[in-house]
There are 2 protein chains.
Amino acid sequence: MEKRNLYLHTTPVDEAKELYNKEIKKCVSVRKEEVPVQDSLGRITAEAVHAVLCSPLFNASAMDGIMVNAARTAGASEEHPLTLKRGKDFKVVDTGDPVREPYNAVIMAEDLLGVDEDTVQIIAAVSPWSHIRPIGEDIVAGEMLLPGHHRIRPVDIGVLLGGGICHVQVTARPRVGIIPTGTEMIPPGQEPGEGQIIDSNSGMFAALVQQYGGVPDVSPIVEDDYEKILAAVRRAVADNDMVIVNAGSSAGTEDYTVHVLRKLGTVLIHGVAIKPGKPVILAVVDNKPVIGLPGYPVSAYIDFETFVKPVMELFTGAAPEDHPVEEAVVSRRLVSSLKHREYVRVKLGEVDGRLIASPLVRGAAAATSLVRADGVCVIGQNLEGYEAGEKVPVELWRSREEIRHTIVSIGSHDMIMDFLADLLPDLSPGVHLSSTHVGSMAGLMALKRGEAHIAPTHLLDEETGVYNTAYLRRIFPDREMALIKGVTRIQGLMVKKGNPADIRSIRDLLRCRYANRQRGAGTRVLLDHLLKKEGIRPEQIDGYELEAATHMAAAALVKESGVDAAMGIYAAAKAMDLDFIEVGEEEYDFAIERKNLALPFIRDFIRALQSEQFRARVREAGGYGTEGIGEIIRV
Amino acid sequence: MEKRNLYLHTTPVDEAKELYNKEIKKCVSVRKEEVPVQDSLGRITAEAVHAVLCSPLFNASAMDGIMVNAARTAGASEEHPLTLKRGKDFKVVDTGDPVREPYNAVIMAEDLLGVDEDTVQIIAAVSPWSHIRPIGEDIVAGEMLLPGHHRIRPVDIGVLLGGGICHVQVTARPRVGIIPTGTEMIPPGQEPGEGQIIDSNSGMFAALVQQYGGVPDVSPIVEDDYEKILAAVRRAVADNDMVIVNAGSSAGTEDYTVHVLRKLGTVLIHGVAIKPGKPVILAVVDNKPVIGLPGYPVSAYIDFETFVKPVMELFTGAAPEDHPVEEAVVSRRLVSSLKHREYVRVKLGEVDGRLIASPLVRGAAAATSLVRADGVCVIGQNLEGYEAGEKVPVELWRSREEIRHTIVSIGSHDMIMDFLADLLPDLSPGVHLSSTHVGSMAGLMALKRGEAHIAPTHLLDEETGVYNTAYLRRIFPDREMALIKGVTRIQGLMVKKGNPADIRSIRDLLRCRYANRQRGAGTRVLLDHLLKKEGIRPEQIDGYELEAATHMAAAALVKESGVDAAMGIYAAAKAMDLDFIEVGEEEYDFAIERKNLALPFIRDFIRALQSEQFRARVREAGGYGTEGIGEIIRV
């Protein structure tokens, strides 16, 4: 076997950050630049900004009305109105007009009794400076308008311009070089060949760099070759303020990054006690920060936020901006190791007034879990995890407001959940649908624990032949429940186009390669039921242990992999252009506590189910029936 | 008098929004455009986005190690290690490498016993699909990756690229025409002449338009002339998706906007029950939204957020994004009228675990109050206000985290507070200083009510001649208090350069125009004390009722206005290039509850006071002494 870079030691996260920060601070120099105030939105002030002019610039009328000399109004009363003449006693002013001697007070238009074009009467005396905004009332020349390290907002731009400032000193945007490496990598847009992988990380890094106020400089992909990586790093360091190398930071046979960085500069840290994200490299080359990030997208993202962002903040001068943290009830037991700090992505929902965090899949390769996550639960290195039902701090990735208006669905998977998630914000602005696919049974359990508003379910009661209701009665003996009628859908065996393995019945699964669904999925329950009927044991099925999480994932295995058949819905087979052997029709409904039917967003959900837009999508997908959709069945 | 556009009627806010929204929805058409995924950060999806490719694209190794056929590993155990030969039994794989037949499982490098280059031993059998990421595990071709109305984030870009998508349909950025009007207005950068006002609103509007995803198109300033405004609106409507006219929406003699909009289209609303911001115009011209905004910056901002932003969201498809709302204790009584919904800007601080909201000045012209505000307390039209100490909902304009790390100072004004606000985030990243200037006495009262961490104060005890301590003992008889020593500073009379009015003593104020400070300000207390000593009554002083809120504002009145003298500190006179007649030296210290001295950010504050950077700034300003600065005096 070749030699691998096995880690001897991983550094705790905070220790690694502190050590690196101290080293970097010695060499990073913050560049400043002057920009027009109008172009400064979102930039960070490099120093305090002081007003050049006062505002108002002169004693100004605060009202529409007339300006007078206060002394001239003495003695006016309701009994003895005082008559004032234009030119002699007053001048008409609009709001903002200058008030000059001999005038020293303003009377509002509303307080005037009009006599003719040039004459008014007043019924009260006014004191000097009435309704006058004295010079410098809002801004005084020389006064500090903004401190340093301040992110410029639209209101700041207004005040700077009002204070006579047209140019402002801000920190220069740091240039961040991004070097994608890997012989198997291809740029987005190129057709992937056998074994090739699309470089999606560079695009994510570039966007993160922009988001945090930098300018990304993405290099062409460099193949796994020591000399080529060396040359690329050298070039990127010369051109930029800091550099990211992705990946080659791990312990694979072709991971050259750490060797290159040792050759060119100093590697301070290789390996941090963080999961995902362990194989991170923190180095300095030519007085510039160079960070090696791992290849798995979740690891890469967590490491960017943890290690790259703080370095960027040194350059931009931005205050560290963390996600808000709230306490949430964790829905499942979360076990973690004392070997690392772990970042568990979670879905969040507000159910019965409690903020509930449901952990997502934890794999470092599951990029979609980053998209689907509403937040992250950080389990400290000193903790072995949390018990189900425990209150835990969660970093919010979406606003609390958005979470509050999110329907939480946990249960069986069907493509109509995607249609609904897309339709809902359109039909009911501000309302979102978050769905987690764990299978029908697990969904009902989550509903029981108060983690979800609805649980999509398709569970056949073998005795009665009726879907869903029997299970609901059994699982919720003491609660008033309901089913929102969903769709009927056709289940069957998805097989390769043309059915080359000639599969016609469940028995034929004995002589082919199968792909199964995860435990607790209604579709797996259906398979087990059918196998039992045929007297077949699970061990007899080749591929029973291969689990796909959704109908579409199962269909993809049939289409693209060595798998011959998988159980799934007609719509998935159609979407993947597979042949389909019908097994039966089933009912896919939404279990809900009856009291929650009155929630505004549940009404929105039912309205969406019954909308013409939804029916059209379902028709297009095929294999669905929508009779009685949205009707409520009390259970 | 000329005819004015007096409002007969103002519409409640929600009614106005709803009516306008309904009308606008009929005519607004959302444009879509296709952009490269790499350039899509922050854009809003125009429709659901579906994956084109699976990820992984093939069955891929999830680990560094070797790939084997699972059947070949049967029988391996610790007692009977199984020897595997490279080429015959296994192939070396790195993470992400494809696994093809006859291989169907991966064994991690860590689980291998190396024998030689081509031979390994294993001590456990593996099952098929071990450590293999099956095709489509993360993304299945055809599956929905993002719904419509979704704001694209860096992680979304990664997933889109990974799903084989290079271009994405997003909503086009709406073009928003901005027309500044007013004969007295000049563009920023031009030297203001007599009575001229800098157009600072257009820059703020342009930044707001950008912030909410639009493209601003700012016209040159149009003078107050019906025909010219008419032509400008016509042109802007032709060129843009929507138009803002600023201002001329009020009831002044030269407010033409409403007449122009009536001529060109339909005015749906003129005047809304909102404060600040009443004179807003909601109109439609050529099927395009045209909104007239008032000229005062605070009114303009509140109306933009209330009326313009929702229209922009119709174009961009963005979900309505509101500021988070939290409950805060309001520090002072807030009276509002049933005539309108009122937006009161507040400073926020967390003191003794409570979130405290202190109202800022309420004037519509106070643009700096927008910059200084941490949030806004919205008083509904059905409410007459809130009592001091009541819990009220507050929209947060800064993050809860930032507020938590903010030192709240309420009390006397001195320029050193600006120096400290600027220095602190530099010396202690993440720590902020928020100071409100209400005068020494009011500051101590705020401290007593638990609204502030520190209260800067300079109050002379007439009997003992000692500053501050006597007041603290009197006001806090039961609490353990302390003073953090601040600076000594010279107070005196600020007079015009060259002292043309020949002012030498307090008595001379009888024959000149004076500018005073607000009630409760230590400087006003000092004046009253000196007047009393001289036997002068306040009514004898011309300008006693003219109140400046800070030393600098008082200095500005002397410098630029018809005012001859004002009491203030040497540093302000110097900054404004005024002459200065010394009256005496006083002590400007920070009152604090003793228990709060242990708070980390108070330690940071004291460190900042004692820093060389701070001393240097104070030296440069002049008129200050820093002996004993930062020392703690137990009271």
Side-chain angles (χ1 to χ4, degrees), chain A residues 1 38 41 48 54 57 59 64 94 98 114 129 134-136 138 140 142-144 147-149 154-159 161-162 166 188-189 192 195 198 200 203-204 207-208 210 252-253 297 319-320 322 324 366-368 370-371 400-401 418 421-422 425 430 546 552-553 556-557 560-561 575, chain B residues 1 38 41 48 54 57 59 64 94 98 114 129 134-136 138 140 142-144 147-149 154-159 161-162 166 188-189 192 195 200 203-204 207-208 210-211 252-253 297 319-320 322 324 366-368 370-371 400-401 418 421-422 425 430 546 552-553 556-557 560-561 575:
Chain A
M1 294 284 298
Q38 274 106 328
L41 181 65
C54 288
L57 268 162
N59 297 322
D64 296 331
D94 279 342
W129 297 99
I135 177 174
D138 190 34
V140 180
E143 156 186 62
M144 184 178 81
H149 295 280
V155 292
D156 300 321
I157 289 177
V159 164
L161 295 174
C166 296
I198 298 167
S200 56
M204 175 177 74
L208 282 164
Q210 281 176 59
T253 51
D322 296 326
T368 51
L370 289 174
V371 170
R400 196 67 184 74
E401 206 50 25
D418 282 352
D422 182 36
L546 170 58
M552 286 293 275
L557 286 169
E560 307 275 357
S561 188
Chain B
M1 293 285 299
Q38 275 107 327
L41 182 65
C54 288
L57 267 162
N59 297 322
D64 296 332
D94 280 341
W129 298 98
I135 177 173
D138 189 34
V140 180
E143 158 186 59
M144 185 178 81
H149 295 279
V155 291
D156 300 321
I157 289 177
V159 164
L161 295 173
C166 296
S200 57
M204 176 177 74
L208 282 164
Q210 281 175 60
Q211 179 164 291
T253 51
D322 296 326
T368 51
L370 288 174
V371 169
R400 196 67 184 73
E401 205 51 24
D418 283 351
D422 183 37
L546 170 57
M552 286 294 275
L557 286 169
E560 307 276 358
S561 189

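Note on naming: letters A, B, ... go to the chains in the order of the sequence lines (proteins, then strands), and numbering restarts at 1 for each one. No hydrogens, no waters, no symmetry mates; every other heavy atom, side chains included, goes into these values.
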How long is the gap from SG on B:Cys54 to CG on A:Leu557, to the nearest 0.5 Å?
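Result: 8.5 Å between the selected atoms.
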Rounded to the nearest 0.5 Å, what separates atom CD in A:Gln210 from atom CD1 in B:Ile157?
7.0 Å
Is there side-chain contact between [X] and [Y], with heavy atoms separated by less than 4.5 Å?
X	Y	value
B:Leu208	A:Val155	no
A:Asp156	B:Leu370	no
B:Ser200	A:Val159	no

Which answer fits [X], side chain, backbone, both or neither, if we ask what part of it has an atom under 4.5 Å from a heavy atom of chain B?
X	answer
A:Asp418	both
A:Ala366	both
A:Ile135	both
A:Pro98	side chain
A:Leu161	both
A:Pro324	neither

Option that, when pairs with chain A are counted at under 4.5 Å, heavy atom only, ranks first among [options]:
options	value
B:Val140, B:Leu57, B:Asp322	B:Val140
B:Ala48, B:Pro297, B:Gly136	B:Ala48
B:Glu401, B:Arg400, B:Met144	B:Met144

Testing the basics here: between [X] and [Y], what is the closest heavy-atom pair and its distance to 0.1 Å?
X	Y	value
A:Ile198	B:Gly162	CD1-O, 4.2 Å
A:Gln38	B:Pro188	NE2-CG, 4.1 Å
B:Asp422	A:Gly148	OD1-N, 2.6 Å
A:Pro154	B:Gln211	CD-OE1, 3.2 Å
A:Gly142	B:Met552	C-CE, 3.9 Å

Would the distance check show the side chain of B:Asp138 and the main-chain N or O of A:Thr368 forming a donor-acceptor pair, the cut-off being under 3.5 Å?
yes
Out of A:Ala556, A:Gly195, A:Gly203, A:Pro192, which one racks up the most heavy-atom pairs below 4.5 Å with chain B?
A:Gly195
Contact part of B:Pro147 toward chain A, heavy-atom cut-off under 4.5 Å: side chain, backbone, both or neither?
both
Measure B:Ala575 against the heavy atoms of chain A and call it side chain, backbone, both or neither at under 4.5 Å.
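Contact with chain A involves no heavy atom of B:Ala575 at all.
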